[in-house]
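By convention here, the first residue in the shown sequence is residue 1. For the numbers below, each heavy atom of this structure counts, side chains included, while hydrogens, waters and symmetry mates do not.
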Amino acid sequence: MKPSVSPTVIHEVFRRAYARGDRPALIDLRGGRVYGYRRLVTEITRAASGLLRRGARRDQVVGVHVPTVGAQTLAVHTVVAAGGVAAPIDPALGPDEIAARLSDCDARTLITTPDLAPAAVLAAEQSRVRQVVSLGPALDTIDFRSLLTLEPTPLPTLDAHRQDALLLADGRRLSHAGLVGRMAELDAAVRLTESDVVLATWLPDGGCGLVALVCLAVSKGALVVAAHDTDLPGTTYDFSVTVMTGPGTTLERC
């Protein structure tokens, strides 16, 4: 069967990334990182190729256990670009709970960060996970940067309706088309444009709200500022914020 003509998440989100060059796409104040459009898509596609070189296969579930928006964006899109299914895991969970989640979804790879790596490694030992990838050096893990150095291999062609992108904590699966639809639902209230600056105070968890928000903003050419919710007035002023995350999973104009 030929791939669906509906756009996959990677195409929908990053199709104009190279043209936008070094313009900031995401300022992660929690993680202390700034990601430009071209750098973001380049690292994601190269890391996805690296995952394939390390044995990742289409439709395999990969756990994503990270505490910041920037780390979640890199990890989720790397998995999705490789044809895998990203399973976001609440970073507040302990090793036993993480292991149970990984076992339930039969994950063979787990992506984490150095600060969460000890818990991630313990969880991996109690599940069928064969490799833990860390977004920075950490004991008993594979450094995410090493994925970027492996010989490139073509990324898979995906069917937007048949290929899952996310496996949520409540057991629901979202296809590429389903996630693009969730992006459209978020956008209905605000109609983002390239001139918008979105202040995101949601934390990574086991849901799809934050993933869809970043996907939406990047697809529109907007800037996402991920911040703690303890200094909203100062952050809003400093970055000329035009759109904020609201209660639940809603967006609202300032």
Side-chain angles (χ1 to χ4, degrees), residues 1-23 25-26 35-64 66 70-88 105-112 128-136 141-167 173-183 208 211-212 214-216 218-221:
M1 178 179 292
K2 292 183 178 179
S4 166
V5 296
S6 298
T8 63
V9 170
I10 294 300
H11 173 268
E12 181 71 15
V13 174
F14 294 111
R15 68 185 185 278
R16 296 192 182 98
Y18 281 101
R20 289 172 179 148
D22 295 330
R23 275 184 53 202
L26 171 62
Y35 300 89
Y37 274 91
R38 187 172 298 172
R39 174 193 167 196
L40 192 59
V41 71
T42 298
E43 290 198 5
I44 285 167
T45 53
R46 288 172 59 189
S49 174
L51 272 186
L52 293 172
R53 284 291 181 193
R54 290 197 59 87
R57 296 291 180 267
R58 182 181 298 189
D59 293 325
Q60 283 187 344
V61 176
V62 176
V64 176
V66 298
Q72 186 184 70
T73 300
L74 277 178
V76 166
H77 284 93
T78 293
V79 173
V80 170
V85 183
C105 62
D106 197 26
R108 304 304 173 87
T109 300
L110 176 61
I111 301 178
T112 189
R128 299 183 69 188
V129 166
R130 296 194 295 259
Q131 56 184 352
V132 179
V133 177
S134 175
L135 291 160
T141 69
I142 299 162
D143 193 333
F144 181 86
R145 304 294 302 181
S146 70
L147 300 179
L148 309 180
T149 65
L150 300 179
E151 183 180 353
T153 189
L155 300 182
T157 301
L158 306 173
D159 184 306
H161 290 282
R162 297 170 62 90
Q163 177 68 40
D164 289 331
L166 295 177
L167 174 58
R173 287 177 174 258
L174 272 186
S175 67
H176 281 244
L179 183 51
V180 171
R182 178 62 184 129
M183 291 160 54
C208 70
V211 174
V214 176
C215 285
L216 169 64
V218 173
S219 72
K220 297 290 187 177

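- Of the possible polar contacts, none joining the Arg108 side chain to the Val129 backbone as a donor-acceptor pair under 3.5 Å is found.
- With rounding to the nearest 0.5 angstrom, the OG1 atom of Thr78 is 11.5 Å from the CZ atom of Arg46.
- Atoms SG and NE2, on Cys215 and His176 in that order, are 10.0 Å from each other to the nearest 0.5 Å.
- Of all non-hydrogen atoms in Ala82 and Pro156, the two that sit nearest each other are O-CG, 3.5 Å.
- No donor-acceptor pair closer than 3.5 Å links the side chain of Gln72 to the backbone N or O of Val64.
- In this structure, Ser49 and Pro152 approach most closely via the heavy-atom pair OG-CA, 3.3 Å.
- Atoms OG and CZ, on Ser219 and Arg15 in that order, are 7.0 Å from each other to the nearest 0.5 Å.
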Does the side-chain contact (heavy atoms from CB on, under 4.5 Å) test come out yes or no for Glu12 and Leu179, once each step is laid out?
CA-CA 10 Å; Glu12 181 71 15; Leu179 183 51; over 6 Å; no

Is there a side-chain contact (heavy atoms from CB on, under 4.5 Å) between Leu40 and Leu74? Walk through the geometry before answering.
CA-CA 8 Å; Leu40 192 59; Leu74 277 178; 4.0 Å; yes

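- Residues Leu52 and Leu155 meet the side-chain proximity criterion, which asks for heavy atoms closer than 4.5 Å.
- For Arg58, the side chain to side chain donor-acceptor pair (under 3.5 Å) criterion is met by no residue, not counting sequence neighbours.
- For the side chain to side chain donor-acceptor pair (under 3.5 Å) with Glu43, the lone residue among Arg145, His77, Arg38 that qualifies is Arg145.
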Run the side-chain contact (heavy atoms from CB on, under 4.5 Å) check on Phe14 and Ile44 step by step: do they pass?
CA-CA 10 Å; Phe14 294 111; Ile44 285 167; 3.5 Å; yes

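- A donor-acceptor contact shorter than 3.5 Å is absent between the side chain of Thr112 and the backbone of Ser134.
- Evaluation of the ring-ring contact (aromatic ring centres under 6.0 Å, His included) rule for Phe144 yields no partner, not counting sequence neighbours.
- Residues Val9 and Gln163 form no side-chain contact, since every pair of their non-hydrogen atoms from C-beta on lies 4.5 Å or further apart.
- Residues satisfying the side chain to side chain donor-acceptor pair (under 3.5 Å) criterion with Arg54, sequence neighbours excluded, are Gln131.
- Side chains of Arg182 and Val211 form no contact here, defined as non-hydrogen atoms less than 4.5 Å apart.
- Between Ala87 and Cys105, the shortest heavy-atom contact is CB-SG, 4.4 Å.
- Side-chain contact annotation: Gln60 with Asp106, donor-acceptor N/O pair under 3.5 Å absent.
- Between the Arg39 side chain and the Asp22 main chain, no donor and acceptor come within less than 3.5 Å of each other.
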If you apply the rule side-chain contact (heavy atoms from CB on, under 4.5 Å), what do you find for Val218 with Met183, and how did you get there?
CA-CA 11 Å; Val218 173; Met183 291 160 54; over 6 Å; no

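- For the atom pair CG of Leu167 and CG of Asp59, the computed distance is 12.0 Å after rounding to the nearest 0.5 Å.
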